[in-house]
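Computed from a predicted model, the values in this text were never measured in an experiment. Just so you know, ligand 1 is whichever comes first in the structure, and atom 1 is the first atom listed for that ligand.
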Amino acid sequence: MATERLLSPQPGTPDEDEANYALRPGRMEEYIGQRDLVERVSIAVAAARSRSDPMEHVLLHGPPGLGKTTLAHVIAREMNSRITVTSGPALARGTDLVSALQRLGHGDVLFIDEIHRLPVAVEEFVYPAMEDFRIDVTVDSGLNARTIQLRCKPFTLIGATTRAGLLSSPLRSRFGQTFHLQYYTVAELATILRRSCSLLNVRDADEPALLRIAERSRGTPRIANRLLRRVRDFSHVRAGNTFTPAVVDDALALEGVDPLGLDELDRSYLRTIGNVYACGPVGLETVAATMNEDAGTLEDVVEPYLLQIGFLARTRRGRALTRAACEHLGIPFKTSDSDESSLF
Ligand code: ADE
């Protein structure tokens, strides 16, 4: 299924989480890429430290797999703080948040992943905590209802989201700074891979081989490190520990990953629009029904990368392939009208 794809930017199994943990940069100076963001975060950290204050609350947004959680850990470490990690869906009731807040020490970081999925009732507790480090708890009900004010220690909330647009504006406005994570360049991914090789004791990978992996990683370190582990295993079992571009090509071809980092699901989606619907435009639901796939899955896990590399256009009348997509697939490009340029 789509959620288990080798090229998914979502975290994989718990084993994979653990493997990724070992590859994370611990300090800001080890963090590769996101130069502007790293500089702005470093300034905020240094300023807060010089005042002995907690850092302002921070909102991190950007596509999955680009290192929002990693960055939160790095910030906490640079602030010499402890970090508590939770997520919007895990904070189902107000009391879950209250107990997390009360356990925080002065200057600690509370990291809430997928903060756009925080239930509305829990969000109400977040506002006074963010503004005044105060928790308003209602006890009893009906006529006897009273609000008790509890205090928590000054802390930094780091919220992470892939969908900043879904955040309520009162919540968004309470963050002192917002940082957007960008996709990584091929050169940055190759540098990340070189670092991972030394951590994983992979000694024979040459530079062109790492660039080949980087090119197929969809701008995402999590995917790059996952592909690296697959190629390492292949190299070990099938290629006598050699790690050349040809070995990368063979290992990833076996996994169905093509030179642009597209897999069978991507190609099947593109071929459906190209061959069945004459390159579009065609509605997403129609494509999903033809492929016997879920429209939401296609929208969340297939389309973002195809849009990013300019293979797909979202027009007023539906999805359409671009000339570049048709050239990649080796099918004739057809356009019915000027829809291709009228993007939403
Ligand atoms: N591993 C994953 N993401 C990284 C990054 N941005 N810098 C260094 N190593 C990483």
Side-chain angles (χ1 to χ4, degrees), residues 5-46 55 58-79 83 85 87 109 111 113-114 158-162 177-203 205-207 209-233 243 248 252 257 261 304-305 308:
R5 293 164 82 196
L6 181 59
L7 294 172
S8 164
Q10 306 291 351
T13 59
D15 277 357
E16 191 192 61
D17 269 1
E18 205 174 303
N20 281 338
Y21 197 82
L23 300 179
R24 279 181 184 170
R27 307 225 67 122
M28 213 59 110
E29 67 197 27
E30 293 167 338
Y31 201 96
I32 294 155
Q34 316 285 350
R35 289 331 302 166
D36 292 351
L37 177 153
V38 165
E39 188 164 356
R40 287 166 61 214
V41 171
S42 303
I43 291 170
V45 166
M55 201 170 112
V58 171
L59 180 65
L60 303 176
H61 72 96
L66 300 195
K68 295 185 283 296
T69 308
T70 303
L71 192 58
H73 278 89
V74 171
I75 291 173
R77 175 124 182 234
E78 295 288 345
M79 290 293 300
I83 180 167
V85 177
S87 73
V109 170
F111 176 66
D113 201 6
E114 295 189 81
I158 303 184
T161 180
T162 48
Q177 293 203 69
T178 296
F179 299 109
H180 180 67
L181 282 93
Q182 315 271 359
Y183 283 109
Y184 291 72
T185 64
V186 168
E188 288 165 351
L189 290 171
T191 310
I192 290 173
L193 286 167
R194 208 173 311 121
R195 179 173 177 275
S196 300
C197 280
S198 64
L199 295 171
L200 293 171
N201 249 332
V202 174
R203 290 202 200 83
D206 65 18
E207 194 62 22
L210 296 183
L211 281 168
R212 288 267 166 122
I213 300 179
E215 281 160 5
R216 292 159 161 87
S217 302
R218 299 164 166 254
T220 307
R222 183 182 287 151
I223 298 177
N225 283 328
R226 191 184 296 146
L227 295 183
L228 175 66
R229 287 193 295 270
R230 290 295 168 93
V231 178
R232 174 196 59 180
D233 292 351
F243 203 123
V248 172
L252 296 183
V257 177
Y305 184 64
Q308 190 214 333

**Q** Looking only at heavy atoms of L23, does any of them come nearer than 4.0 Å to an atom of ligand 1?
**A**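 L23: in contact with ligand 1 (<4.0 Å).
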**Q** Is any side-chain heavy atom of P25 less than 4.5 Å from a side-chain heavy atom of I32?
**A**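 Answer no - side chains too far apart.
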**Q** Would a distance-only check, ignoring hydrogens and angles, find a side-chain to backbone donor-acceptor pair under 3.5 Å from E78 to R27?
**A**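 A pair under 3.5 Å: no.
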**Q** Could you tell me the residue and atom name of the protein heavy atom closest to atom 4 (C) of ligand 1, and the distance to it rounded to 0.1 Å?
**A**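 Heavy-atom neighbour on the protein nearest atom 4 (C) of ligand 1: I192 CD1, 3.7 Å.
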**Q** How about N201: does its CG atom have over 12 heavy atoms from other parts shown lying under 6.0 Å from it?
**A**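 Count over threshold, so yes.
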**Q** Under 4.0 Å from any heavy atom of R195, which atoms of ligand 1 are there?
**A**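 Taking each heavy atom of R195 in turn, ligand 1 has 9 (N) under 4.0 Å.
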**Q** Looking at R226, is its backbone amide N or carbonyl O close enough to the side chain of R230 to form a donor-acceptor pair, meaning the two atoms are under 3.5 Å apart?
**A**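 No: the side chain of R230 does not pair with the backbone of R226.
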**Q** Quick check: does R24 get an N/O under 3.5 Å from an N/O on ligand 1?
**A**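 It does not: no N or O of R24 is found under 3.5 Å from an N or O of ligand 1.
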**Q** Show the atoms of ligand 1 that are less than 4.0 angstrom away from any heavy atom in E30.
**A**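 So the answer, numbered in order with elements, is 7 (N), 8 (C).
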**Q** Which of the atoms in ligand 1, numbered in the order shown and given with their element, are less than 4.0 Å from a heavy-atom of P221?
**A**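 Matching atoms, with element in brackets: 2 (C), 3 (N).
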**Q** Any side-chain heavy-atom pair from L37 and L71 closer than 4.5 angstrom?
**A**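 Side chain of L37 against side chain of L71, heavy atoms only: contact under 4.5 Å found.
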**Q** From D233 CG over to R229 CZ, what is the distance, rounded to the nearest 0.5 angstrom?
**A**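 Separation between the atoms: 9.0 Å.
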**Q** Please list the nearest protein heavy atom to atom 10 (C) of ligand 1 with its residue and the distance rounded to 0.1 Å.
**A**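 Here the closest protein heavy atom is P25 CD, 3.5 Å.
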**Q** Just distances here: any N/O of I32 and N/O of ligand 1 closer than 3.5 Å?
**A**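 Yes; at least one N/O pair falls below 3.5 Å.
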**Q** Within this structure, what is the CD1-CG distance for the pair I192 and L210, rounded to the nearest 0.5 Å?
**A**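 With rounding to 0.5 Å, CD1 (I192) is 12.0 Å from CG (L210).
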**Q** Need the ligand 1 atom indices (1-based, order shown) with element for anything under 4.0 Å from a heavy-atom of Y184.
**A**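 Contacts of ligand 1 toward Y184, numbered from 1: 6 (N).
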**Q** Which atoms from ligand 1 have a heavy atom of Y31 less than 4.0 Å away?
**A**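 In order of numbering, the contacting atoms are 6 (N), 7 (N).
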